[in-house]
Number of protein chains: 2
Amino acid sequence: MFLYHSIMSVEIKISLNESIYLRDPQDSTLGRNIIKHSILLIDELGFEAFNFKKLAQKIGSTEPSVYRYFENKHALLIYLVSWYWEWVAYLIKINTININDPKKKLEIIINSFVLASVDNPTTDHVDENILHRVVIAEGTKAYRTKEVDEENGKGLFEHYKKLITKVAVVILEINPSFEYPYALASNLCEMSNNQIYFAKHLPKLTDIKVEENKYSEVQKMLNYFASKLLGYEM
Amino acid sequence: MFLYHSIMSVEIKISLNESIYLRDPQDSTLGRNIIKHSILLIDELGFEAFNFKKLAQKIGSTEPSVYRYFENKHALLIYLVSWYWEWVAYLIKINTININDPKKKLEIIINSFVLASVDNPTTDHVDENILHRVVIAEGTKAYRTKEVDEENGKGLFEHYKKLITKVAVVILEINPSFEYPYALASNLCEMSNNQIYFAKHLPKLTDIKVEENKYSEVQKMLNYFASKLLGYEM
DNA sequence: TTTTAATAATAGTTTTACTATTATATAGGA
DNA sequence: TCCTATATAATAGTAAAACTATTATTAAAA
């Protein structure tokens, strides 16, 4: 991950696996527009109704131009969720920089999963808040396809796996004999998104309540689950 | 749920919310063929590549005939996952009939989530084993859409909610002061499918290993998670 | 036997998901 | 300054998906 600092603003450039895209969207205005407005449009229409024609219309470009950046809308979705995972990894990194207690670290990790955005809207072409909503609603579609093995072989899910590995390391720091560090790490991440989605759309499947970007109950629940499973007091 | 017993075989008829389908597929040969072969074809092609034309071809019928049973392939998917959830509820029911210990009940529930089929292939037009695979791979797509609120309002997810409620009741029997019975119930169910999927396709996201229909490690892990969270010894 | 309902056959439409080709604008180098 | 490479835009298309309408045929029920 590269961090560019300028005098006027802090601009973060997140570097993503090259096989996700055909041409790096961060390197041109059109590319950044594709990212920015695809997030808004997927949030608005849902992934199924979203397509490159509508996106091109929205940004005053054409369908073939968008296709020069991404093979198809599925590749674009993988790009967006990878961006999101890198962003969460970045949040965890800067917020745990002076923290030594692994329990405290895990708490920060959970907060990063749940909040993901709120405080620091640092990148002008990505609204992390809306991207988080998109990942909650559409994220699993990135890897729930018939092509998962082939795409995994190309490294398209490295960003997610890297993040989960980092979390697993912290889990083992807390409790070195815990048998399921990776499963707990991925479950905390998936559960966070799932339970937020349930609270919003299928409230009978959860106990927590959620208001517009107020996810404190999710945070509390995940911390409770983690502490119980790893055997420590909060 | 109705149970029909005949002399020659035990045939289970699972009754599903009428708003899922246009015409009850269990009431005709064509309908049962649609169910049977849609499961096989979705398993083979994945939900995205599956469509009513290919299905009609496979069962020697026509596209318009299939459309007389289901509004579209999304409705058919909701039907299939609802069938699956009812099937799991049925398994839980018959296997906990003489069990009083709620901890033992929860163990049976977890086994039903994980195994879902293996022993009792009772319904001739549904292969529960393959249906389980389909639910693992495609299940979340049933409710992760822009139409979720509208469809939830029509009662299309009642079968899932009913199942989760039953599990939540058992969780509270074990530990009446547990704060998150619904979240734990839905998470056990989602986690089961998720972790099996990860073991098969993204093994770096989990610790468990899975072989063709050998899910004992998942079972063990979920039981461990449940016992830790609810504070009992296995 | 008549009527009804279910299915099949045929033939469409609209939208999606792409691709090919050509034109234009712009940026950098000689 | 011109030349050339490259990005993008404009236009026009194709193949398949996701339906729908209409009519014919068959089977079952009254």
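Residue numbers begin at 1 in each chain, while the letters A, B, ... track the order of the sequences.
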Using the side-chain heavy atoms of A:Pro64, tell me which of these nucleotides is nearest: D:dA18, D:dA10, C:dA17. D:dA10
Please determine, for the side chain of A:Ser65, which listed nucleotide (C:dA8, C:dA17, D:dA9) has the closest atom? D:dA9
B:Ser186 side chain vs B:Ala183 backbone, donor-acceptor pair below 3.5 Å: yes
To the nearest angstrom, how far is A:Phe50 atom CZ from C:dA17 atom C1'? 12 Å
Please check the phosphate of C:dA9 (OP1 and OP2 only) for any side-chain N or O of B:Thr62 closer than 4.0 Å. no
Using atom CD of B:Glu63 as one end and atom C1' of C:dA11 as the other, report the distance to the nearest whole Å. 12 Å
Apply ring-ring contact (aromatic ring centres under 6.0 Å, His included) to residues A:Trp87 and A:Tyr84 and explain how you reach the verdict. CA-CA 5 Å; A:Trp87 167 251; A:Tyr84 172 79; 8.8 Å; no
Here the distance between atom P of D:dT11 and atom NZ of A:Lys53, to the nearest Å, is 13 Å
Using the six-membered ring wherever Trp is involved, compare the ring planes of A:Phe157 and A:Tyr143 and label them parallel, tilted or perpendicular (cut-offs 30° and 60°). perpendicular
May I have the distance from B:Leu55 (atom CG) to C:dA8 (atom C1'), rounded to whole angstrom? 15 Å
Check every atom of C:dA6, D:dT11, C:dT16 against the side chain of B:Arg23 and return the nucleotide holding the closest atom. C:dA6
I want to check one thing: is the phosphate of C:dT15, taken as OP1 and OP2, less than 4.0 Å away from some side-chain N or O of A:Lys54? no
To the nearest Å, how far apart are A:Glu48 CD and D:dC19 P? 12 Å
NA contact type, A:Tyr69, heavy-atom cut-off 4.0 Å: base, sugar-phosphate, or nothing? sugar-phosphate
Distance-only, no hydrogens or angles: does the A:His201 side chain make a donor-acceptor pair with backbone N or O of A:Tyr197 under 3.5 Å? no
Applying a 4.0 Å non-hydrogen cut-off, can you work out what B:Tyr67 is touching in the nucleic acid: base, sugar-phosphate, or nothing? base
Rounded distance in Å - CG (B:Asn72) to P (C:dT15): 16 Å
Quick one: is C:dA8 close enough that its OP1 or OP2 comes under 4.0 Å of any side-chain N or O from B:Ser61? yes
Nucleotide D:dT6, atom C1' - distance to CG of A:Asp27 in whole Å: 14 Å
Taking 4.0 angstrom as the limit, do A:Lys58 and A:Glu44 come out as a salt bridge? yes
Can you tell me the distance, in whole Å, between the CZ atom of A:Arg68 and the C1' atom of C:dT22? 13 Å
